[in-house]
There are 2 protein chains.
Amino acid sequence: MRVSKEQMAENRSFILKAAKRLFRERGFDGVTVAEVMQAAGLTHGGFYGHFKSKEDLIAHALETAVDEIAESAASANSLEAYASKYLSKGHRENLAGGCVYAALSSEVARLSLECRDVLTDGLKAQLDALSAKAPGKTSEAKRQRAVTAWSAMVGALLLSRVVDDKSLSDEILERTRLAIAR
Amino acid sequence: MRVSKEQMAENRSFILKAAKRLFRERGFDGVTVAEVMQAAGLTHGGFYGHFKSKEDLIAHALETAVDEIAESAASANSLEAYASKYLSKGHRENLAGGCVYAALSSEVARLSLECRDVLTDGLKAQLDALSAKAPGKTSEAKRQRAVTAWSAMVGALLLSRVVDDKSLSDEILERTRLAIAR
DNA sequence: TGTACATCAGTGAACGCGCGTTCACTGATGTAC
DNA sequence: TGTACATCAGTGAACGCGCGTTCACTGATGTAC
């Protein structure tokens, strides 16, 4: 049952949206192509009309996930405000809708160069955006603040999710937020 | 061909050693039981004489990997010295032999409670050890330094591995090292 | 504008491969006498 | 201490399931007249 060109484009974006959420929630190997298609409201057979392979889907899904982060950083009022939102309990609990670096970092480091390129470009944009918002007299000082704050944010969110003890998890987030606000 | 009790204990430790390295290098799903056994110098059939399941192996391998980190932190001279070693290019390139949190963090957050318990206990020990080495007048100040430094170290190492651009990767490590030394 | 036909997005069964796991077997270990 | 037998760690073939991928088919879209 052929669908219109607009419908097909919409379907593709449904697939990407579903993949973006599912991959962050369960990891690349924890999600099947069939599950992504079902979440997008389609059947698995049609998948290869949209993407070359699962790996191709991963690359495109990462792109949209990276864009999402860049937008949220660009719309923040200050580095401190961004850190406060990033290091919130809400973000910690929202794996599927949260930061792609924190959700997939260790898996991504083993991905193809194509996928890592996407994340590298995203990270550059992220660091530039945060540098612009960071406090500091010189651009060097601003960048120093931005890079270290971003490392701390990603690390803290990750550790807070690994940890199985609520008060320790909260402590990690809170102390890191404090350190970034300084 | 039955082996002696001592040989069997040694074989078990070979399996754990191989698993610890392979999991960090390729992730849990990127390594098969047969590969672990082969790396340990055995055949795959004997695996279930040592462990209940692959997941059981993961839990035990994580334990030994966590111990490894705790030891390296305990033997460091200062927080600064530890950070300098942790944030080195050597560590970045040594995925298989490096920090388990940086290598497996995002996958671990989706693991069973049993596995997360192991990492939670390890993290507590790690933070206590680093707090003792951290500079600061009060124990509160020391802990604040230790927790934020540790988050930043893990995050920076992870990001430096994701990034596909050597100079950016180096920059992340170097700036974070600088921030911890302050 | 209306009709006839070609195109092709989506369907769902099927394929083939790899992986975790099981099992009958082997032969060295360890024990009972 | 030496011998006979039971035990059981390790072997490798086999099983079964799930997953990525393919393919013949369907029927709505879009186009040519």
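The structure displayed is predicted, hence computed values, not measured ones. Below, read A as the first sequence line, B as the second, and so on, with proteins coming before strands; counting in each chain starts at 1. For the numbers below, each heavy atom of this structure counts, side chains included, while hydrogens, waters and symmetry mates do not.
Listed by first and then second residue, the ring pair (Phe, Tyr, Trp, His ring centres under 6.0 Å) pairs that reach into residues 139-182 of chain A are A:Tyr86-A:Trp150, sequence neighbours excluded. For residues 144-159 of chain B, no residue pair satisfies the salt bridge (charged side-chain N to carboxylate O under 4.0 Å, His left out) rule, not counting sequence neighbours. Residue pairs meeting the salt bridge (charged side-chain N to carboxylate O under 4.0 Å, His left out) criterion with at least one member in residues 83-107 of chain B, sequence neighbours excluded: A:Arg110-B:Glu107, B:Lys89-B:Asp170, B:Arg92-B:Asp170. Screening residues 12-21 of chain B for side-chain hydrogen bond (donor to acceptor under 3.5 Å, both in side chains), with sequence neighbours left out, gives B:Lys20-B:Glu68. Residue pairs meeting the salt bridge (charged side-chain N to carboxylate O under 4.0 Å, His left out) criterion with at least one member in residues 42-57 of chain A, sequence neighbours excluded, do not occur. Counting only residues at least two apart or in different chains, ring pair (Phe, Tyr, Trp, His ring centres under 6.0 Å) contacts with residues 163-182 of chain B are absent. Judged as a salt bridge (charged side-chain N to carboxylate O under 4.0 Å, His left out), not a single pair has a partner in residues 152-163 of chain A (not counting sequence neighbours).
For A:Lys54 and C:dG18, the NZ to P distance is 16 Å, given to the nearest whole Å. Atom C1' of nucleotide C:dG20 and atom CG of B:Asp56 are separated by 14 Å, given to the nearest angstrom. Protein atom CG of B:Leu57 is 16 Å distant from nucleotide atom P of C:dC19, rounded to whole Å. Per the geometry, CZ belonging to B:Phe51 stands 18 Å off C1' belonging to C:dT22, to the nearest Å. A:Met8 has its CE atom 17 Å from the P atom of C:dT7, to the nearest Å. Rounded to whole angstrom, the span from the CZ atom of A:Arg12 across to the C1' atom of C:dG10 amounts to 16 Å.
When hydrophobic side chains of Ile, Leu, Val, Met, Phe, Trp and Tyr are connected at separations under 4.5 Å, A:Leu95 ends up as a singleton with no cluster partners. With a 4.5 Å cut-off between side-chain heavy atoms of Ile, Leu, Val, Met, Phe, Trp and Tyr, the cluster of A:Val3 takes in A:Met8.
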If a protein heavy atom is under 4.0 Å from the base, mark B; if only from the sugar-phosphate, S; if neither, -; do that for nucleotides 23-33 of chain D going 5' to 3'. B--BBBBS---
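From B:Lys142, atom NZ reaches atom OG of B:Ser131 across 8.5 Å, with rounding to the nearest 0.5 Å.
Under 4.0 Å is where a charged nitrogen must lie from a carboxylate oxygen, and between A:Arg143 and A:Glu140 no such pair does.
At least one side-chain nitrogen or oxygen of A:Asn11 sits closer than 4.0 Å to the OP1 or OP2 atom of C:dG10.
A heavy atom closer than 4.0 Å to some atom of DNA chain D occurs in B:Leu42, B:Thr43, B:His44, these being the qualifying members of residues 25-44 of chain B.
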Pairs counted only when both distances fall under 3.5 Å, Watson-Crick or G-U: show me the 5' to 3' dot-bracket for DNA chain D, [ ] for pseudoknotted crossings and | for other-strand partners. .||||||||||||||||||||||||||||||||
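Each of A:Phe47 and B:Gln7 has a nearest nucleotide on DNA chain D; the 5'-most of these lies closest to B:Gln7.
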